[in-house]
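Written below as structure tokens is the structure these notes are about.
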Amino acid sequence: MNIRFLGAAGEVTGSAYLIECAGKKILVECGMFQGKSENDNSIPFPILPSAIDAVLLTHAHMDHSGRIPLLVKNGFKGKVWATTPTRELIPILWHDSARLMQEDAEWETRKNSRKGLGPVAPLYDEKDVEKAIKKLRSISYDENIDVLPGISVRYRDAGHIIGSAMLEVTINEGDETVKLAFSGDIGPMKAVMERSPASLSSADYVIMESTYGDRNHKSQDETRQEFRDAVSNAIRSGGKVLIPSFAVDRTQRILYEICLMQDENIIPKNIPIYLDSPMGAKATAIYKAHVDFLSTEIQNYIALENDPFSPDGLQVVASVEESKKINEVKCAIVIAGSGMCNGGRIVHHLKHGLYDNNNHVIFVGYQAQGTLGRRIVDGQKFVRVAGEEVRVQANIHTINGFSAHGDQDDLIDWAHNFKTNPTYVITHGEPESSIALSEKLKSAGNKTFVPKRGDILELISSGVQTVLLHHASEKQKLEANIKAALRDITRIAELIEENLTENNVESLTPLILSTRTLLETARKTGIRD
């Protein structure tokens, strides 16, 4: 029995953990790499997707679910388990991702054509998304199911976004039983939008996120006041408030906070509020359909016949043309995706608003390294936005207290619920965050370690104190990449052969013959007859 760390090790994005036992392989998460690691999405999977028996998904966010369509495209045939709200959110996120990748591929293809280079294909397309959606299966909180012989799982509420879960995975192999707890993304202990995270008490290994493992958020009261001050000051100055926002949870939280500000007469009700995120609008509809998953605070607000996600003056922007017209409005609140400014309509608003010192940009979520949002938050005076160099003169605010992630104190409190002296495997954090959380847990007498991508942890039954960790060497990683690439070459060759026609044979001939020559050279270089 072992677990291999395929992502979210030494970084926040790309969550993926492979469990191998009793001849079975289960993938927990299959997330998209974002920011500085974005190019890693095109690296072939280190294991044949068709060899994976099932996928367990904690929640819908793309850094946890975004490569599942690629997994299906490359041969995965099993089921993908998730809660019902997650199943409803996922098609929105996946289709949007496929659309953006198609647009990027078309742009790259046009650029390549001017250089005499070949076309660029997206990582996956709408058809792959539809195939992946058919693999989804629902599981309820606290329900215990056997996903495969000898492997059972129970989903618990993680309090992160609607439908988010932590997993209790029990593995039986021969006479050995090992229990793993996957935290997923842990919400704050005192939440506004979602319910508080469930307490887990038993596990041999706890695979635990550490996004904010090195710091604490401000209190909810301080956070609300900071947000209210920023919005009020921007409106008084006659400028715009630009809020890059994740479509799921953060958009709904901002809409709710604006409702409260209007209720308390902190801002006038005639200020235009633009929700310039088609995906955010769809996600909001799902939140409205599943209010029973939300916090007591939200449900009490609804009980008073209020709509927590529809402030006065709200305009849901559908078309690109409507979005561009917002440039003509001097004073407004604009909520737009994406949350890290690495795509979506917020990029357009930043291009036309960052230079104006009357405007305020409020970051209400985590900004991964390598993203435009991170560069702005880090204080760069000039940033490249949509191909243009823009001077940053707007007022910049960073409000971490709205985060759907727990802070260091929340993570420590959650970890201390375990009564079985588990080993804490610290993942899903930048190195300084993961190390800080690890040291904090160790100082309290806990066993911890922080894996790197590619590491393999041998799973030992309870009572054994030693942790066996195998670090994958660079040669092993290269070997795995080569094997995966060769499998891809075989698959692509089969597709080309199936679709070979009189119309494309002439254009394909030089490419295919060149490829054969390269492969033959590789064979002669590395293999003796």
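Sequence positions, counted from 1, serve as the residue numbers for this chain. Computation of the quantities below employed the complete heavy-atom set of this structure, encompassing side-chain atoms and omitting hydrogens, waters and symmetry-equivalent molecules.
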*For L437 and I412, what are the C-alpha separation, side-chain angles and deciding distance, and is it a side chain to side chain contact (heavy atoms under 4.5 Å, CB included)?*
CA-CA 8 Å; L437 182 61; I412 295 294; 3.6 Å; yes
_Criterion side chain to side chain contact (heavy atoms under 4.5 Å, CB included) against M62, the qualifying member of D96, V248, L93_ = L93
_Would you compute the distance between atom CD of E143 and atom CZ of R154 and round it to the nearest 0.5 angstrom?_
11.5 Å
*Within a reach of under 6.0 Å around NZ of K288, are more than 12 heavy atoms found that belong to other residues, nucleotides or ligands?*
yes
*Is a side-chain donor or acceptor of S196 paired with a backbone partner of K190 at a separation under 3.5 angstrom?*
no
*Nearest heavy-atom neighbours spanning I346 and C341*: CG2-CA, 3.9 Å
*Is any side-chain heavy atom of P308 closer than 4.5 Å to a side-chain heavy atom of Q252?*
no
_I'd like to check the side-chain hydrogen bond (donor to acceptor under 3.5 Å, both in side chains) partners of W94; sequence neighbours left out, ordered by chain and number._
S65
*Between the main-chain N or O of G365 and the side-chain N or O of Q367, is there a donor-acceptor pair closer than 3.5 Å?*
yes
*asked:* Under a 3.5 Å distance rule, please check whether D157 uses its side chain to pair with a backbone N or O of A198 as donor and acceptor.
replied: no
*Shortest non-hydrogen contact between P49 and L71, atoms and distance*: CB-O, 3.6 Å
_F5 and Y17 aromatic ring geometry - parallel, tilted or perpendicular at 30°/60° bounds_ = perpendicular
*Using 4.0 Å as the upper bound for N to carboxylate O, is an ion pair formed by E130 and K127?*
no
*Measure up the F246 and H61 rings against each other and bin them: parallel (under 30°), tilted (30 to 60°), perpendicular (over 60°).*
tilted
*Under 3.5 Å, is there a donor-acceptor pair between the D249 and H160 side chains?*
no
*asked:* Measuring from atom NZ of K79 to atom CD1 of I139, what distance do you get when rounded to the nearest 0.5 angstrom?
replied: 11.5 Å
_Worked verdict on D204 versus T423 for side chain to side chain contact (heavy atoms under 4.5 Å, CB included)_ = CA-CA 6 Å; D204 299 305; T423 296; over 6 Å; no
*If every non-hydrogen atom of S37 is compared with every non-hydrogen atom of R453, which pair is closest and at what distance?*
OG-NH2, 4.1 Å
*Out of L56, I26, I3, which one pairs with V169 under the side chain to side chain contact (heavy atoms under 4.5 Å, CB included) rule?*
L56
_From E11 atom CD to D40 atom CG, the distance as rounded to the nearest 0.5 Å_ = 7.0 Å
*Working to the nearest 0.5 Å, report the span between CG of L508 and CD1 of I496.*
6.5 Å
*Salt bridge present between D142 and R156 (N-O < 4.0 angstrom)*: yes
*Give a yes-or-no answer on whether the side chains of H348 and D276 include a donor-acceptor pair shorter than 3.5 Å.*
no
_Give me the atom names and distance for the closest heavy-atom approach of H405 to P188._
O-CG, 4.0 Å
*Under 4.0 Å between a Lys/Arg side-chain N and an Asp/Glu carboxylate O for E257 and R253?*
yes
_Heavy-atom side-chain contact between M208 and T427 under 4.5 Å_ = no
_Side-chain donor or acceptor of Y124 paired with backbone N/O of R67 under 3.5 Å_ = no
*With the side chain counted from C-beta on, respond yes when I298 and Y287 share a heavy-atom pair under 4.5 Å apart, and no when they do not.*
no
_S245 and T251: side chain donor to acceptor below 3.5 Å_ = yes
*E20 side chain to N2 main-chain N or O, any donor-acceptor pair under 3.5 Å?*
no
*Does the side chain of T398 reach to within under 4.5 Å of the side chain of N400, using non-hydrogen atoms?*
yes
*So how far is it from Y141 OH to S164 OG, rounded to the nearest 0.5 Å?*
4.5 Å
*Expected output: side-chain Y424 to main-chain A415 donor-acceptor under 3.5 Å*: yes
*Decide ring pair (Phe, Tyr, Trp, His ring centres under 6.0 Å) for H217 and Y212; before the verdict, give the C-alpha distance in whole Å, the side-chain angles of both, and the deciding distance to 0.1 Å.*
CA-CA 9 Å; H217 304 320; Y212 290 103; 4.5 Å; yes
_In the structure I gave you, are the side-chain heavy atoms of E432 and R215 within less than 4.5 Å of one another anywhere?_
no
_Counting C-beta onward and ignoring hydrogens, is there a side-chain heavy-atom pair between I145 and W81 closer than 4.5 Å?_
yes
*Report yes if the side chains of F182 and E209 come closer than 4.5 Å at any heavy-atom pair, otherwise no.*
no
_Under a 3.5 Å distance rule, please check whether Y366 uses its side chain to pair with a backbone N or O of S403 as donor and acceptor._
no
_Using every non-hydrogen atom in the two residues, find where A8 and V12 come nearest and quote the distance to one decimal._
CB-O, 4.1 Å
*Which pair of non-hydrogen atoms, one from A60 and one from T86, has the smallest distance, and what is that distance?*
N-CG2, 3.8 Å
*asked:* Taking P122's backbone N and O only, do any of them form a donor-acceptor pair with Q102's side chain (distance below 3.5 Å, no angle check)?
replied: no
*For residues L70 and M32, determine if any side-chain heavy atom of one lies less than 4.5 Å from a side-chain heavy atom of the other.*
no
*S319 versus E322, side-chain donor and acceptor atoms under 3.5 Å*: yes
*For V80, does its backbone N or O pair with a side-chain atom of R137 as donor and acceptor, under 3.5 Å?*
no
*Please report the C-alpha distance between I376 and F363 in whole Å, then the side-chain angles of each, then the deciding distance to 0.1 Å, and finally whether the side chain to side chain contact (heavy atoms under 4.5 Å, CB included) criterion is met.*
CA-CA 10 Å; I376 296 172; F363 289 94; 3.7 Å; yes
*Backbone N or O of L294 within a donor-acceptor pair of the Q299 side chain at under 3.5 Å?*
yes
*When you check the side-chain N and O atoms of N417 and S201, is any donor under 3.5 Å from an acceptor?*
no
*Is the shortest distance from a Lys or Arg side-chain nitrogen in D378 or R375 to a carboxylate oxygen in the other one below 4.0 Å?*
no
*If you measure from CD1 on I335 to OG on S277, what distance do you get to the nearest 0.5 Å?*
9.5 Å
*Check the pair I489 / T515 against side chain to side chain contact (heavy atoms under 4.5 Å, CB included), numbers first and verdict last.*
CA-CA 10 Å; I489 289 168; T515 302; 5.6 Å; no
